[in-house]
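Reviewing the structure listed below.
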2 protein chains.
Amino acid sequence: MLLTDRQLLILQVIVDDFIRSAQPVGSRSLSKKEEISFSSATIRNEMADLEEMGFIEKTHTSSGRVPSEKGYRYYVDHLLSPQTLNPQDISIIQSIFAERIFEFEKIIQRSARILSEMTNYTSIVLGQDVGINKLKRIQIIPLNKETAVAILVTDTGHVENRTFSLPAALDMSELEKIVNILNEKLSGVPLEDLHDKIFKEVAMLLKQHISRYDLFLHTIAETFKMPATEKLFFAGKTNMLSQPEFHDIAKIRNLLTMIDREDWITNLIRSNQKGISVKIGSENQNSIMEDCSLITATYSAGTEKLGTIAILGPTRMEYSRVISLLQLLSHDLSAVLTKLYQYK
Amino acid sequence: MLLTDRQLLILQVIVDDFIRSAQPVGSRSLSKKEEISFSSATIRNEMADLEEMGFIEKTHTSSGRVPSEKGYRYYVDHLLSPQTLNPQDISIIQSIFAERIFEFEKIIQRSARILSEMTNYTSIVLGQDVGINKLKRIQIIPLNKETAVAILVTDTGHVENRTFSLPAALDMSELEKIVNILNEKLSGVPLEDLHDKIFKEVAMLLKQHISRYDLFLHTIAETFKMPATEKLFFAGKTNMLSQPEFHDIAKIRNLLTMIDREDWITNLIRSNQKGISVKIGSENQNSIMEDCSLITATYSAGTEKLGTIAILGPTRMEYSRVISLLQLLSHDLSAVLTKLYQYK
DNA sequence: ATTAGCACTCGTTAATGTGGAGTGCTAACA
DNA sequence: TGTTAGCACTCCACATTAACGAGTGCTAAT
């Protein structure tokens with residue numbers, strides 16, 4: 001099942017051509033290409049072999065060939081020329097970081113937008129899990145007699161806030177004491193551990209210093225319970241509508257509905273090992289994604305992986321360009337975030 | 001141009017039927033309805049008159065009739081029976097407020113979601129303009145030597161935060177002083193006035209107490225400049241894909257792309273007078289919306305209008321039900337928010 | 001091993017025909 | 001005079017047919 005050089009060439013040209021045109025590729029049009037110096041009949045023979053091996057398919061008996069999933073896979077794994085991005089693309093990516101930005105979310109959102117504009121695919125970014133960020137400071141600000149806002153600031157500058165109900169019996173000086181205790185004990189604790197830590201370490205201390213501490217303990221623990229997951233950022237959700245493979249409304253609706261399910265997307269995209277990953281069609285383990293490919297790249301601060309940046313497109317995707325773009329972006333993004341978060 | 005009772009009846013039945021079936025309504029099928037006791041020939045005569053007056057249209061020479069925009073308008077203005085919502089709908093709406101919620105955004109987001117699920121249309125909620133909320137407290141929390149987070153809490157419990165660059169020359173005790181001055185001078189000031197107020201009232205005071213106050217003044221003023229607009233909440237963006245009138249991908253794409261333009265939607269929905277408004281087709285002043293109707297309702301806290309809640313659907317929309325739902329929801333929502341914000 | 005040639009397949013498009021749902025008009029009727 | 005039955009007519013929707021062309025597989029010649 002080793003492919004000859006000629007078969008490799010033909011497979012590559014077929015995939016390239018189909019990615020460009022979205023039309024099945026025939027032997028005659030292939031034979032006219034510069035790269036190809038043999039006749040259409042020869043090509044037909046080779047194509048028959050490639051088809052037998054499962055790399056290409058016909059849409060009907062007398063149609064040209066279309067890459068199969070296996071074909072795309074082989075193309076991505078072995079035939080992708082390490083394409084150099086065109087200088088314009090490079091400068092657009094770098095423009096994301098041109099102005100100084102302090103806020104994680106803004107950088108991320110902008111990255112997603114620009115990526116989707118450059119590619120005409122959908123881009124999705126999985127933000128960092130704020131749960132692992134360490135608490136820098138807690139503030140509690142009473143709004144009125146009954147409610148107050150709790151504000152958590154992490155060492156990365158992320159701010160979480162919750163409004164909660166204030167026990168009637170609590171006076172201001174006590175509240176101040178509580179905030180002091182919380183800051184003292186919880187500073188440096190990852191947000192996701194706050195809930196536990198409050199019961200384990202703060203409860204006792206509160207008991208010593210605050211009358212009716214019990215009224216407050218539960219509320220505060222609940223208030224600081226972290227929401228489940230990482231935040232998602234989208235851009236170009238409607239770009240899929242421009243892809244010729246999605247001329248079918250039912251298909252589009254299924255896909256867009258899926259995309260709107262954040263839990264599902266999070267699972268799809270979350271990735272453990274660093275680097276670029278390409279999932280083609282049914283490799284995504286979902287029938288609705290069978291005409292889609294998903295390319296993901298992780299970004300980090302220092303050595304710590306923060307999140308994932310992904311491009312969702314049709315299986316007929318510009319793999320080479322998208323991979324290059326993601327490589328560049330994830331690298332630059334990591335550099336900026338590393339600096340922003342002062343890793344060394 | 002006054003319509004006879006019989007014409008009114010026929011118009012009403014045509015609109016009702018078309019809203020239900022999305023099919024042009026013919027004289028024969030009309031004559032079979034219970035409500036209608038005269039023959040198809042009579043109906044044909046009446047329909048010819050209604051068409052001449054512009055209330056209904058043919059899609060082609062020998063087709064049944066379809067309501068025109070004018071027909072819908074008349075239907076909405078005069079023929080809408082003040083329908084009583086079915087009890088199930090009522091209880092679903094009320095379930096939104098069943099559990100106690102303290103946060104504006106959560107209530108709003110949930111309202112939008114439930115509304116879109118109930119109607120199968122797209123629902124859009126325009127949040128309040130946080131600019132008019134009054135500042136309750138400012139906090140500035142240094143993250144490291146170079147950056148700090150500024151946190152603004154309003155009297156409604158809304159929290160805004162910005163990360164900014166800290167002048168090198170500033171020491172901690174000075175920062176504390178600054179925060180005290182800011183709180184003293186800016187407390188109670190609407191967020192949108194902060195920027196001005198800082199120059200008018202805070203600048204002098206800073207000058208007196210802080211060396212190199214100039215380094216900080218501009219940064220802080222910029223940091224507190226409010227972002228332009230009200231926040232938007234969406235639900236059911238893809239519901240439009242299920243409507244038979246949007247079988248055309250290009251149309252859908254235009255519409256969805258429009259919906260993603262927040263500035264545009266904000267302008268479309270923002271409404272000055274209180275109460276329900278129905279905009280049918282081209283009344284929305286935009287060619288992409290010509291097959292859509294938009295029903296908006298405002299919600300308030302006390303006497304103050306906070307925002308708008310809207311349903312976007314095809315012109316062939318269930319006006320009666322949607323209007324009733326919006327009336328109920330905006331009423332209940334206003335009640336909850338009034339309470340939440342402690343108006344009397 | 002390569003390629004020219006040819007019969008064959010099948011999708012696409014245009015042309016043609018048929019059935020049915022609907023209309024407008026006319027004449028008869030209560 | 002308002003209502004209705006009847007009828008000719010229109011036009012969409014759908015199916016059938018035909019022509020075309022892009023493509024294939026196979027065979028035989030180079």
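Keep in mind that the numbers below use all heavy atoms, side chains included, and drop hydrogens, waters and symmetry copies. Numbered from 1 within each chain, the chains take letters A, B, ... in sequence-line order. Bear in mind that the values here come from a model prediction, so they are computed numbers and not experimental data.
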message: At less than 3.5 Å, do the side-chain atoms of Arg44(B) and the base atoms of dG6(D) form a donor-acceptor pair?
response: yes

message: Between the base of dT10(D) and the side chain of Ser62(B), is there a donor and acceptor pair under 3.5 angstrom?
response: yes

For the pair made of [atom1] in [X] and [atom2] in [N], what is the distance, rounded to whole Å?
X: Asp17(B); N: dG22(C); atom1: CG; atom2: P; value: 11 Å
X: Phe38(A); N: dT30(D); atom1: CZ; atom2: P; value: 24 Å
X: Ile36(B); N: dT4(D); atom1: CD1; atom2: C1'; value: 15 Å
X: Ile43(B); N: dG24(C); atom1: CD1; atom2: P; value: 13 Å
X: Lys32(B); N: dT4(D); atom1: NZ; atom2: C1'; value: 17 Å
X: Gln23(B); N: dA21(C); atom1: CD; atom2: P; value: 13 Å
X: Leu30(B); N: dA21(C); atom1: CG; atom2: P; value: 15 Å
X: Leu50(A); N: dG23(D); atom1: CG; atom2: P; value: 17 Å

task: Report yes if a side-chain nitrogen or oxygen of Arg65(A) is closer than 4.0 Å to either non-bridging phosphate oxygen (OP1 or OP2) of dG25(D); otherwise report no.
output: yes

query: Should Lys58(A) be listed as having a side-chain N or O under 4.0 Å from OP1 or OP2 of dG25(D)?
result: yes

task: Could you tell me whether the side chain of Glu35(A) and the main chain of Val13(A) form a donor-acceptor pair under 3.5 Å?
output: no

query: Backbone N or O of Gly275(A) within a donor-acceptor pair of the Thr298(A) side chain at under 3.5 Å?
result: yes

Among [options], which nucleotide has an atom closest to any side-chain atom of [X]?
X: Ser39(B); options: dC11(D), dT4(D), dT23(C); value: dT4(D)
X: His60(A); options: dG25(D), dC10(C), dG24(C); value: dC10(C)
X: Arg28(A); options: dG23(D), dC10(C), dT24(D); value: dG23(D)
X: Asn45(A); options: dC10(C), dG25(D), dT3(C); value: dT3(C)
X: Ala41(B); options: dT4(D), dT23(C), dT3(C); value: dT4(D)
X: Arg6(B); options: dT3(D), dT24(D), dT23(C); value: dT3(D)
X: Thr42(A); options: dC12(D), dT9(C), dT2(C); value: dT2(C)
X: Ser27(B); options: dT4(D), dT23(C), dT3(D); value: dT23(C)

- request: Hey, can you tell me if Tyr319(B) and Tyr72(B) have their rings parallel, tilted or perpendicular (30° and 60° cut-offs)?
  value: tilted

query: Considering residues, nucleotides and ligands other than His60(A), do more than 12 of their heavy atoms fall under 6.0 Å from its NE2?
result: yes

- request: Could you tell me whether Asp260(B) and Lys237(A) make a salt bridge, using a distance below 4.0 angstrom between a side-chain N and a carboxylate O?
  value: no

- request: List the atom of Ser68(B), the atom of Gly54(B), and the distance in Å for their closest heavy-atom pair.
  value: OG-O, 2.6 Å

- request: For Thr59(B) and for Ser40(B), locate the closest nucleotide of DNA chain D by heavy-atom distance; then report the residue assigned to the nucleotide nearer the 5' terminus.
  value: Ser40(B)

